[in-house]
Amino acid sequence: MSSLHKTKIAEFQSILSEPLINLSVLRKLCFNDRTLWDSVLAKQRDTYSHFLKEMIIQPGIAKVKFGISREDVTLEDHPLNPNPDSRWNTYFKDNEVLLQIDKDVRRLCPDFSFFIKATDYPCLLIMDPENEYETLRKRVEQTTLKSQTVARNRSGLTNVSSPLKTSTSYPLNEYEPLPSGCEAHWEVVERILFIYAKLNPGIAYVQGMNEIVGPVYYTFATNPNSAWKEHAEADTFFCFTNLMAEIRDNFIKSLDDSQCGITSKMEKVYATLKEDDEELYLKLQEQNIKPQFFAFRWLTLLFSQEFVLPDVIRIWDSLFADEERFDFLLNVSCAMLILIRDQLLAGDFTVNMRLLQDYPLSDGDVLPILKKAKELRDSKPNL
């Protein structure tokens with residue numbers, strides 16, 4: 001982080017820490033920052049366009065329209081070439097990742113019809129009938145892969161689903177093709193995840209990332225300002241990349257038992273609960289209900305499988321606005337437990353597991369959870 005950026009953050013923190021916020025000073029500071037928005041956004045959107053050109057390709061296809069020379073299939077590089085550096089070898093490996101992404105994005109937010117509808121702003125670079133690019137959807141339909149080669153999921157993410165979410169595996173023809181030149185929102189999300197996987201080979205794609213990118217994309221794609229909606233794909237990609245930079249350790253199995261891994265975070269949920277409600281903590285311990293049975297999904301997916309999309313976005317508003325956002329994540333988890341403490345204290349193992357895996361939202365409102373989480377946070381002494 002540059003010294004200039006640190007100075008800017010310090011200025012914001014100083015203003016926002018005052019009991020009475022000086023709005024005129026805050027507006028001036030925000031305005032000065034906003035002068036850079038247009039240039040930064042233009043650069044990022046141009047960069048994403050280059051990613052599309054570079055990565056949504058098929059070896060052997062002419063790419064004349066954009067001035068990229070034809071890459072012919074030669075004796076040195078052909079579909080049966082065993083060389084790991086072969087473009088075809090890379091293409092086939094990419095297809096394995098793509099098939100898993102495709103399965104997941106097709107069932108994104110099944111309680112919400114938004115993702116199966118056509119976007120108002122299809123990617124012209126991909127959908128333009130004059131170019132020779134293929135859509136990822138067509139690429140999947142033309143690919144035959146064995147499911148066991150792409151089962152790269154994290155235990156617990158989809159083994160138990162909320163009643164609000166479905167674990168049904170939809171066939172490729174579940175959604176009828178849209179008219180020529182159109183594409184569904186889930187196809188845009190698929191492209192974002194595929195490019196992220198290509199740019200981050202160390203983690204690539206892990207099942208559950210679709211649940212993280214979905215709410216971000218929905219927020220951009222439903223913006224009433226068409227200037228933002230038009231660039232939802234590129235803007236979502238960079239926001240998702242920034243968010244993953246903070247939570248990617250949760251998706252890396254080899255880090256599970258490290259200090260920054262998901263196991264440590266799940267243990268903190270129970271440690272925090274013990275401080276706030278020891279009776280409930282002891283009850284769960286007595287029944288041998290481990291945090292892995294429910295908190296793994298809560299923490300890894302930021303509650304995106306526990307609630308419907310509008311409620312998820314409301315929780316994320318509070319989560320991302322909090323300076324100690326991932327400490328607040330623990331507070332939200334504990335609040336969810338404490339708000340159903342009477343049911344948990346009265347229930348046996350089976351009943352309680354059902355409660356924790358299919359969380360009963362009182363009156364369909366997440367606000368009591370957020371209020372309780374803030375109460376728990378504010379009760380802790382500042383260190």
S.K.: Does NZ belonging to Lys374 count more than 12 external heavy atoms closer than 6.0 Å?
M.R.: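 Open.
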
S.K.: State plainly whether the residues Asp94 and Lys198 are in salt-bridge range, i.e. N to O under 4.0 Å.
M.R.: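 Yes.
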
S.K.: Carefully, step by step, assess Arg314 and Asp317 under the rule side-chain contact (heavy atoms from CB on, under 4.5 Å).
M.R.: CA-CA 5 Å; Arg314 177 63 188 89; Asp317 278 344; 4.0 Å; yes

S.K.: Would you sort out whether Leu329 and Trp298 count as a side-chain contact (heavy atoms from CB on, under 4.5 Å), showing the intermediate values?
M.R.: CA-CA 9 Å; Leu329 187 65; Trp298 292 8; over 6 Å; no

S.K.: Taking all non-hydrogen atoms of both residues, which atom of Met336 and which atom of Tyr359 are closest, and how far apart?
M.R.: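 Nearest pair, atom of Met336 first, then Tyr359: O-OH, 2.7 Å.
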
S.K.: Give a yes or no answer on whether the side chain of Ser14 reaches the backbone of Glu11 with a donor-acceptor pair at less than 3.5 Å.
M.R.: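 No; zero donor-acceptor contacts below 3.5 Å.
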
S.K.: Would a 4.5 Å heavy-atom cut-off, applied to side chains only, mark Leu337 and Phe294 as touching?
M.R.: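 Yes - at least one pair of side-chain heavy atoms lies under 4.5 Å apart.
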
S.K.: Quick one about Gln287 and Asp348 (side-chain donor to acceptor, distance below 3.5 Å, no hydrogens or angles considered), yes or no?
M.R.: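 Checked: Asp348/Gln287 side chains show no N/O donor-acceptor pair below 3.5 Å.
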
S.K.: Quick one: pull up CG in Asn331 and CG in Asp378 and give me the separation to the nearest 0.5 Å.
M.R.: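 Interatomic distance, Asn331 CG to Asp378 CG, rounded to 0.5 Å: 9.0 Å.
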
S.K.: Can you find a side-chain donor-acceptor pair between Thr350 and Arg354 that sits under 3.5 Å?
M.R.: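 On atom types as modelled, these side chains do not qualify, holding no pair under 3.5 Å.
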
S.K.: I need the minimum non-hydrogen distance between Leu178 and Glu183, along with the two atoms involved.
M.R.: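 Heavy atoms of Leu178 and Glu183 come nearest at CD1-C, 3.4 Å.
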
S.K.: Just wondering, do Val332 and Leu319 contact through their side chains at under 4.5 Å, heavy atoms?
M.R.: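 Side-chain contact under 4.5 Å: no.
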
S.K.: What distance do Leu330 atom CG and Lys268 atom NZ have between them, rounded to the nearest 0.5 Å?
M.R.: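 Reported to 0.5 Å precision, the distance equals 7.0 Å.
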
S.K.: Cut-off 3.5 Å, side chains only: do Lys290 and Asn288 have a donor facing an acceptor?
M.R.: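 Present: a donor and an acceptor within the cut-off.
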
S.K.: Is there a path of hydrophobic side-chain contacts, each under 4.5 Å between heavy atoms of I, L, V, M, F, W or Y residues, that connects Ile116 with Tyr121?
M.R.: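 Not linked; separate clusters.
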
S.K.: Are there more than 12 heavy atoms of other residues, nucleotides or ligands under 6.0 Å from atom CD of Glu18?
M.R.: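 More than 12 within 6.0 Å, yes.
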
S.K.: Is it possible for you to check whether Arg45 lies under 6.0 Å from the centre of the six-membered ring of Trp228, through NZ or CZ, and within 45° of that ring's axis?
M.R.: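 Yes, cation above the ring, under 6.0 Å and within 45°.
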
S.K.: Between Asp257 and Thr263, do the side chains contain a donor N or O and an acceptor N or O under 3.5 Å apart?
M.R.: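 Asp257 and Thr263 do have a side-chain donor-acceptor pair below 3.5 Å.
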
S.K.: Which value, rounded to the nearest 0.5 Å, describes the distance between Arg248 atom CZ and Ile203 atom CD1?
M.R.: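 Between Arg248 CZ and Ile203 CD1, I get 5.0 Å after rounding to 0.5 Å.
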
S.K.: If Ile, Leu, Val, Met, Phe, Trp and Tyr residues are connected whenever their side-chain heavy atoms lie under 4.5 Å apart, and connections chain through other members, are Leu367 and Phe307 in the same group?
M.R.: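 Looking at the clustering, Phe307 is in a separate group from Leu367.
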
S.K.: Can you find a pair of side-chain heavy atoms, one from Phe238 and one from Thr47, that are under 4.5 Å apart?
M.R.: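 Sidechains of Thr47 and Phe238: in contact.
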
S.K.: Looking only at heavy atoms, what is the nearest atom pair of Arg106 and Asp102, with distance?
M.R.: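 Closest approach of Arg106 to Asp102, heavy atoms only: NE-OD2, 2.5 Å.
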
S.K.: Side-chain contact, heavy-atom cut-off 4.5 Å: Leu52 with Arg191?
M.R.: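 Yes. Closest side-chain heavy atoms under 4.5 Å.
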
S.K.: Which atoms form the tightest heavy-atom contact between Ala335 and Leu376, and what is the distance?
M.R.: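 Reported closest heavy-atom pair: N-CD1, 3.8 Å.
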
S.K.: Side chains of Lys229 and Asn225, heavy atoms from C-beta outward: is any pair under 4.5 Å?
M.R.: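 No, every pair of side-chain atoms sits at 4.5 Å or beyond.
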
S.K.: For the residue pair Phe51 and Tyr48, categorise the inter-ring angle as parallel (less than 30°), tilted (30 to 60°) or perpendicular (more than 60°).
M.R.: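 Correct class here is perpendicular.
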
S.K.: Let me see the working for Met266 and Ile262 under side-chain contact (heavy atoms from CB on, under 4.5 Å), right down to the final yes or no.
M.R.: CA-CA 6 Å; Met266 289 188 292; Ile262 189 64; 4.3 Å; yes

S.K.: Please check if the side chain of Ser264 supplies one atom and the backbone of Cys260 the other of a donor-acceptor pair under 3.5 Å.
M.R.: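 No: the side chain of Ser264 does not pair with the backbone of Cys260.
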
S.K.: Report the relative orientation of the aromatic rings in Phe115 and His185; use parallel for angles under 30°, tilted for 30 to 60°, perpendicular for over 60°.
M.R.: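 Aromatic pair Phe115/His185 classed perpendicular.
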
S.K.: Run the side-chain contact (heavy atoms from CB on, under 4.5 Å) test on Leu361 and Ile369 for me, step by step, so that the C-alpha distance in whole Å, both residues' side-chain angles and the decisive distance to 0.1 Å come before the verdict.
M.R.: CA-CA 9 Å; Leu361 188 59; Ile369 295 175; 3.8 Å; yes

S.K.: What do you reckon, is NZ of Lys274 surrounded by more than 12 foreign heavy atoms closer than 6.0 Å?
M.R.: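 12 or below, so no.
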
S.K.: Strictly under 6.0 Å, is that where the ring centroids of Tyr218 and Phe112 end up?
M.R.: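 Yes.
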
S.K.: Measure the shortest side-chain to side-chain distance between Arg139 and Ile56 over non-hydrogen atoms and say whether it is less than 4.5 angstrom.
M.R.: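 Counting from C-beta outward, Arg139 and Ile56 never come under 4.5 Å.
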
S.K.: So which of Asp104, Val213, Val105 actually passes side chain to side chain contact (heavy atoms under 4.5 Å, CB included) with Glu190?
M.R.: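 Result: among Asp104, Val213, Val105, Val105 is the only option passing the side chain to side chain contact (heavy atoms under 4.5 Å, CB included) with Glu190.
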
S.K.: Apply salt bridge (Lys or Arg N to Asp or Glu O under 4.0 Å) to residues Glu96 and Lys93 and explain how you reach the verdict.
M.R.: CA-CA 5 Å; Glu96 295 181 3; Lys93 286 185 176 179; over 6 Å; no

S.K.: Taking the side chain as every heavy atom from C-beta outward, state whether Glu233 and Phe220 have any atom pair closer than 4.5 Å.
M.R.: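 The answer is no, as the side chains (C-beta and beyond) never meet within the 4.5 Å cut-off.
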
S.K.: Which word best sums up how the rings of Phe349 and Phe293 line up, parallel for under 30°, tilted for 30 to 60°, or perpendicular for over 60°?
M.R.: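 Answer is perpendicular, since the angle exceeds 60°.
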
S.K.: So, taking the atom named CD in Glu230 and the one named OG1 in Thr119, what distance separates them when rounded to the nearest 0.5 Å?
M.R.: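 Here the interatomic distance stands at 10.0 Å.
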
S.K.: Identify the two heavy atoms, one from Glu211 and one from Trp316, that lie closest to each other, and give their separation to 0.1 Å.
M.R.: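 It is O-CH2, 4.2 Å.
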
S.K.: Looking only at heavy atoms, what is the nearest atom pair of Gly347 and Asn352, with distance?
M.R.: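 Heavy atoms only, the tightest pair is O-ND2, 3.3 Å.
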
S.K.: So how far is it from Ile252 CD1 to Ile247 CD1, rounded to the nearest 0.5 Å?
M.R.: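 Reported value, rounded in 0.5 Å steps: 11.0 Å.
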
S.K.: Do you see a donor-acceptor pair shorter than 3.5 Å between the side chains of Asn200 and Tyr205?
M.R.: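 No, Tyr205 and Asn200 have no side-chain donor paired with an acceptor closer than 3.5 Å.
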
S.K.: Do Leu344 and Lys283 have side-chain heavy atoms sitting under 4.5 Å apart?
M.R.: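 In short, these two side chains do not touch, never coming nearer than 4.5 Å.
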
S.K.: For the atom pair CD (Glu279) and CG (Leu273), what is the distance rounded to the nearest 0.5 Å?
M.R.: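 With rounding to 0.5 Å, CD (Glu279) is 11.0 Å from CG (Leu273).
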
